[in-house]
Amino acid sequence: MNKLQKTLLVLIFLAFIFRSFSLENIPANLSNDEIGSAYDAYSISKTLKDEHDKFLPVLFESHGIYRSALAVYLSVPTIMLFGNTNFAARFSSAFLGSLTIVFLGLLVYELTKNKTLALLSSLFLAIAPWHFSSSHWLMEANYGLFFLVLGIYLTLAGINSKNLYKTIGGFVAFALSIYSYYTYWALAPFILGGILVLFRAKFLKIKHFYLAPVFFCFLMIPLGLTWLATLGSSRISTELIYKDTGLNKFIWENHYNGIQIIQIYFSAIIGKYSDYINPAFLFFYGSNLMPKDNPYQVGFILAPLIVPFLFGITKISKYFEPQYTKFIYFWLLISPIAPAVSRGDIFNVRALQIVAPVSIVVAVGSLELFKFLKKRMLLKIVAIIVLVISLFYWWMIYFHYFPVQSAQGFQYGYREIAQFINNNQSKYEKIIIDPRFGDKNYYFGGLPHEYIPYYTSLDPSKVQQARKIQTGGIEFDKFEIREINWDSEIVNEKYLYVVPFDNFPKNQDLKLVSEVQLPNHLPAFKLWSLQ
Amino acid sequence: MMLFKKNKFLLFLLLGILLMVLNFVNHGNFVVATLNIIYLGLTVYFISLFSKDGLKLSDWFLTLPLVIVPIFWYQFTQIKVLLAIILVLLMIIYLKTKVKLLMFFVVAFYLLFASVVVNDIGKLPYSIDVERTIYHLSPTDIAIEDMQKHALFLPFRLRTVVFSESAYIYVLLSRFAELFLLKNFYTILLLANLYPLFKGLISEAKVFNQHKIFYVVFFLPLIIAASARSINIYNAFIFSTPIFLYFILKGLLKVNRKVYYLLLLISLVLVTSPLK
């Protein structure tokens, strides 16, 4: 191992450490999707049933739709081990995100036998802001990416070495990626199909390899059956482009004929595909960590790396054999397909998988660029300084500004409310929580029925038996989750009321017992009681 | 087809008529249509002078793709196409003259001036309307100020250096990168032509190093376009078109024709789609 390779290895190790750093507080709170998975994992760990009283489900019901299961099941051991914290919820994602870096390097080494290229690919994935962020969140897409990269590595290594176990392992990993996130329902079979077509000569030669697709199909049976049973409400059905309300409104208003409708959907898909490979989105603002007009946004990959990317895009064949070159191009082109056929606006979570092949191209480009610069040491130093400066800005944004600016969007405050409840629970007969947050001009709908039981470690069987309240909302244990209208509220002495900060009570006797502030010191929630 | 091979004039005439028809269908302005045809003709002439191995335009497959490039049937204002025609004339002079360095600077200064006009951030005679540029975008200024205010972890002087108007460089580069959206390319060049463009770029990219003027003609107008507050994609790429056309023509010799026809069919679906 030479000096450069040792340095790269140290940098990758540091990336590992950083992925586990400050998981508790960055992002400032568990997001909507994170708390859904974390609470279900907690519920499974105690009762083997989810929030909706379903025994070990294959798809989890969440806000009226069904989402993938693997992130939930992989969070069960960490929540059992570390308790109901943000760290416990996010740790499995950070761990698998770190392993993705390793397996991408192993994959590149398997295909090229070039250690430096393999380490550079790992390094660029390690410092990819969007991959870093998604490893820092309990994000289903991040689990999917890990299993996808693992699947590609094991399948190709298995085919190369004629090793049945590796090949089966690869197919199993592909299947697990499908269990991770709905984007991989389309992507994983496409990539697996691509591998089988490109390497069919090697694959078909060995008869016992045929077992691998059998395993894959066998693993798909539970998911297929559950999907059929929940048809219409699983995310794969609700997220497709034909459900896009804007597009459907456009078609409906203009009375287009059948051929025109096909043209409209086709144009929309191509347009979205184009948006997902937009260089500005990938290299300048795709991470979406800051508000829209902020000039300090960061992309999926750090902005200066657009130069080696452009340099590398036509040089892949210099490092990879022809079949592998075709595969890398195929991977690059196919990655945005699934998000392109999804409805709604451009959504970076759906496009996370693009970072892996892009990191490989950036690594190829970097090696080529350094060769091109030859002995122009000054230019090389300038390139490294620019990269370090962009790293510095990204870390400032991610560790300092992002948790503060995004706190409200992450429903900050419920953990602090839960802490208050934990300390004062015995004082109150009933705790009524208004699920709205934000300010009077525009209230968002929060998920206190998941946050509060999670952070208070409430027995999940009590939530599973939650009852609907006639006037709207739900109740379980001593909690009522419903909107509080002070005009009609009959205030009880032993009740605690949790409301958005600007929902002031009419009853003058109510006392403010606690106030929860956002990290920027603006008020978020107020807790009122007669006691 | 044999008739076309023997009679190049007839082929060019038919293609000229086709381009005129496309212009008429798109905007109906005869003067702009004529200027567009002149712009294409001069561009092809420039490329033929420039190519070491010449251009093989006898085959209709190698000429039809030029006519269907949408930028040549877009409704530009007359002055914008005239400015583009002048650019091609200057580049022809650049190729023929011996004082290349002088012509290099003439082309560069001309582009600087013409790009400002074409992208509507300046008017004739020369004046720049700063309000039409990204500099003084209030959300950017507000964000810089806000970042400075909350950078308490940095010493005061450093705050104003780290979070300063240099952020506009990042904004400019981001908008510059945004120009390279696939959709922009298939809007101005047609999806089918991106295939020969890619092939041409792979095989002929070194032309950029051999003729530094290509860098100027390609990048300068796009950087100026990126600094405009509102970007019209046709205006942004009008001066770069000869370069794209060069790579398309070179790439056409290397493409699989069946794939090209398939892409042409897809292009037709996109161009006639009610959703733009």
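Throughout, protein chains are lettered first and strands after them, A, B, ... in sequence-line order, and every chain is numbered starting at 1.
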So what's closer than 4.5 Å to chain B heavy atoms on [X]: side chain, backbone, both or neither?
X	result
Leu247(A)	side chain
Ile270(A)	both
Ile306(A)	side chain
Gln405(A)	side chain
Tyr273(A)	side chain
Phe283(A)	backbone
Asn520(A)	neither
Ser267(A)	both
Ile397(A)	side chain

Once you measure the plane-to-plane angle for Tyr135(B) and Tyr168(B), does it fall in the parallel (<30°), tilted (30-60°) or perpendicular (>60°) bin?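 Correct class here is tilted.
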Quick one: sort the Phe237(B) and Phe180(B) rings into parallel, tilted or perpendicular, breaks at 30° and 60°.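 Because their plane-to-plane angle is over 60°, the rings of Phe237(B) and Phe180(B) count as perpendicular.
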Taking Asn278(A), Thr314(A), Ile259(A), Leu282(A) one by one, which has the highest count of heavy-atom pairs under 4.5 Å against chain B?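 Between Asn278(A), Thr314(A), Ile259(A), Leu282(A), the count favours Asn278(A).
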Is the distance between the ring centroids of Phe239(B) and Phe218(B) less than 6.0 Å?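 No, they do not, as the ring centres are separated by 6.0 Å or more.
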What about Phe21(A) and Phe399(A), are their ring centers closer than 6.0 Å?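 Distance test on ring centres: under 6.0 Å, yes.
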Give the member of [options] that has the highest number of heavy-atom pairs under 4.5 Å with chain A.
options	value
Pro139(B), Ala151(B), Ser174(B)	Ser174(B)
Leu275(B), Leu182(B), Asn184(B)	Leu275(B)
Val171(B), Leu270(B), Leu191(B)	Leu270(B)
Val162(B), Ile144(B), Leu179(B)	Val162(B)

Salt bridge Arg175(B)-Glu178(B), side-chain N to carboxylate O under 4.0 Å: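 Salt bridge: no.
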Are any of the side-chain nitrogens in Lys249(A) or Glu253(A) under 4.0 Å away from the carboxylate oxygens of its partner?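 A salt bridge links Lys249(A) with Glu253(A).
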Heavy-atom pair with the smallest gap, counting every atom of Val362(A) and Phe124(A):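 Closest pair (atom of Val362(A), atom of Phe124(A), distance): CG1-CD1, 3.7 Å.
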Any idea which heavy atoms bring Gln263(A) and Val269(B) closest together, and the distance?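 Closest approach of Gln263(A) to Val269(B): NE2-O, 3.0 Å.
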Counting only non-hydrogen atoms closer than 4.5 Å, does Phe163(B) touch chain A with its backbone (N, CA, C, O), its side chain (CB onward), both, or neither?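 Both parts, backbone and side chain.
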Which one of Phe247(B), Phe244(B), Phe198(B), Tyr195(B) satisfies the ring-ring contact (aromatic ring centres under 6.0 Å, His included) criterion with Phe185(B)?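 Of Phe247(B), Phe244(B), Phe198(B), Tyr195(B), ring-ring contact (aromatic ring centres under 6.0 Å, His included) with Phe185(B) is met by Phe244(B) alone.
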When you look at Asn193(B) and Tyr260(B), which way does the side chain to side chain donor-acceptor pair (under 3.5 Å) test go after all the steps? CA-CA 8 Å; Asn193(B) 285 335; Tyr260(B) 185 83; 2.6 Å; yes
